[in-house]
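Read the structure below first, then the notes.
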Amino acid sequence: MPNVPTRKPLIGIPADRRLLGNHYFHCVGEKYIQAVVQGAGALPVLIPSLGEGLGDMNELLENFDGILLTGSPSNVEPYRYQGPASAPGTLHDTHRDSTTLEMIPAVVAAGLPLLAICRGFQEMNVAFGGSLWQNLHEAGLRDHREDPQAPLDMQYGPAHEVELVPEGLLHRLAGAARLKVNSLHTQGVQRLGDGLEVEARAVGDGLVEAFRVRNAPGFALGLQWHPEWKFQDNPFSRALFAAFGEAARARVRGSIPQGIYS
Ligand SMILES: N[C@@H](CCC(=O)NCCCC(=O)O)C(=O)O
């Protein structure tokens, strides 16, 4: 393929809808934005979580070369996966759910590169028909929550190891059998969604910590941990965002992505 100058890829990031004071805002954490700019070499475009208000999803997605689904302190509403009602006072984000749960199948079907992190990983599992443990530490699994009183560097610091599935995409990207990852989540994969292939499990309780979409036409990965946190200091995270950016650039060029998908 001749070295044809191409525009930077546009990565869509669906926002959280949050009440700040008396008004609702649609917002995205800056660390995700920076990981797209500096790690993937792409331009982030925040997508308001308006659900049906965004119109035809396929038409919307024609504007993007990839989608990033971020973490969030809110939980996916349990009725989305036929789960029991949340405890009173649980934070949900129904606008985000109605946006991302419709978006995910359309992104994958269109072969648009998709990287899902933490809540985004959980949304992906639900979108593919899976379910969630609502409180891992009450289900006989380890406690995967962070200490909210600890400094951020500790909250997002290494918390446990994950075992990478041999010959999987993450194993190829990491060049190692295990990774030390951070852990900031109460919920996790209970039943794995149809068509999802496990890429990593937590050492200690075997919780699914990463998956890809089997037979996806493009890059379609979900991680329960947070690779965006200080990604520049982590060789695996750098490689992950670089691969995501390359998949999006291949989309711009109209070519088949190389690297871990070749
Ligand atoms: N609410 C879910 C998902 C947790 C999650 O995404 N945590 C990160 C929030 C802050 C950030 O974006 O870094 C759960 O508790 O499992």
Side-chain angles (χ1 to χ4, degrees), residues 11 13-18 20 25-36 39 44 46-47 49 67-81 83-97 99-101 104 114-127 130-139 141-160 162 181-193 202 205 207-211 221-231 233-234 237 240-241:
I11 302 294
I13 310 178
D16 284 2
R17 180 176 183 263
R18 295 201 186 173
L20 303 178
F25 289 75
H26 291 249
C27 41
V28 167
E30 186 173 87
K31 53 191 170 73
Y32 299 104
I33 294 170
Q34 292 292 9
V36 166
L46 279 58
I47 301 173
S49 287
I67 293 291
L68 176 71
L69 301 176
T70 70
S72 172
S74 68
N75 291 338
V76 178
E77 289 194 274
Y79 80 88
R80 298 283 187 172
Y81 51 89
S86 299
T90 299
L91 179 64
H92 297 112
D93 187 340
T94 190
H95 290 72
R96 171 159 171 175
D97 290 348
T99 301
T100 57
L101 295 178
I104 290 164
L114 172 63
L115 178 58
I117 294 170
C118 209
R119 191 213 210 252
F121 165 86
Q122 295 168 359
E123 287 166 345
M124 224 172 135
N125 188 53
V126 171
S131 63
L132 303 176
W133 292 114
Q134 294 188 26
N135 292 287
L136 291 164
H137 54 288
E138 295 173 2
L141 293 132
R142 293 179 42 172
D143 191 341
H144 285 257
R145 296 173 296 181
E146 75 281 19
D147 172 2
Q149 304 308 317
L152 276 186
D153 272 338
M154 283 187 69
Q155 292 188 43
Y156 286 85
H160 65 77
V162 294
V181 299
N182 54 34
S183 187
L184 299 97
H185 59 109
T186 308
Q187 309 203 330
V189 172
Q190 181 184 42
R191 184 182 68 254
L192 186 66
D205 62 11
L207 182 72
V208 175
E209 288 267 346
F211 50 58
L221 278 174
L223 282 71
Q224 182 65 80
W225 69 91
H226 287 267
E228 84 287 352
W229 177 260
K230 297 193 175 178
F231 73 92
D233 303 337
N234 183 308
S237 299
L240 176 73
F241 283 106

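For the numbers below, each heavy atom of this structure counts, side chains included, while hydrogens, waters and symmetry mates do not. Counting starts at 1 for both ligands and their atoms, in listed order.
- Salt bridge status for Asp16 with Arg96: present, with a side-chain N to carboxylate O gap under 4.0 Å.
- Here the closest non-hydrogen pair linking His144 and Ala202 is CE1-CB, 4.0 Å.
- Using a 4.0 Å cut-off between heavy atoms, Trp229 makes no contact with ligand 1 at all.
- Within the listing of ligand 1, atoms 10 (C), 11 (C), 13 (O) sit less than 4.0 angstrom from a heavy atom of Tyr156.
- Residues Glu77 and Thr94 bring a donor and an acceptor atom of their side chains to less than 3.5 Å of each other.
- Arg119 places a side-chain N or O within donor-acceptor distance of the main-chain N or O of Asn75, the cut-off being under 3.5 Å.
- Near Lys31, meaning under 4.0 Å from any of its heavy atoms, are these atoms of ligand 1: 11 (C), 12 (O), 13 (O).
- At least one N/O-N/O distance between Arg119 and ligand 1 falls below 3.5 Å.
- In terms of heavy atoms, Leu207 sits closest to Trp133 at CD1-CD1, 4.4 Å.
- Heavy atoms of Asn75 come nearer than 4.0 angstrom to ligand 1 in at least one pair.
- Distances from ligand 1 to the non-hydrogen atoms of Gly29 include no value under 4.0 Å.
- The ligand atoms of ligand 1 that sit less than 4.0 angstrom from a heavy atom of His226 are 7 (N), 8 (C), 11 (C), 13 (O).
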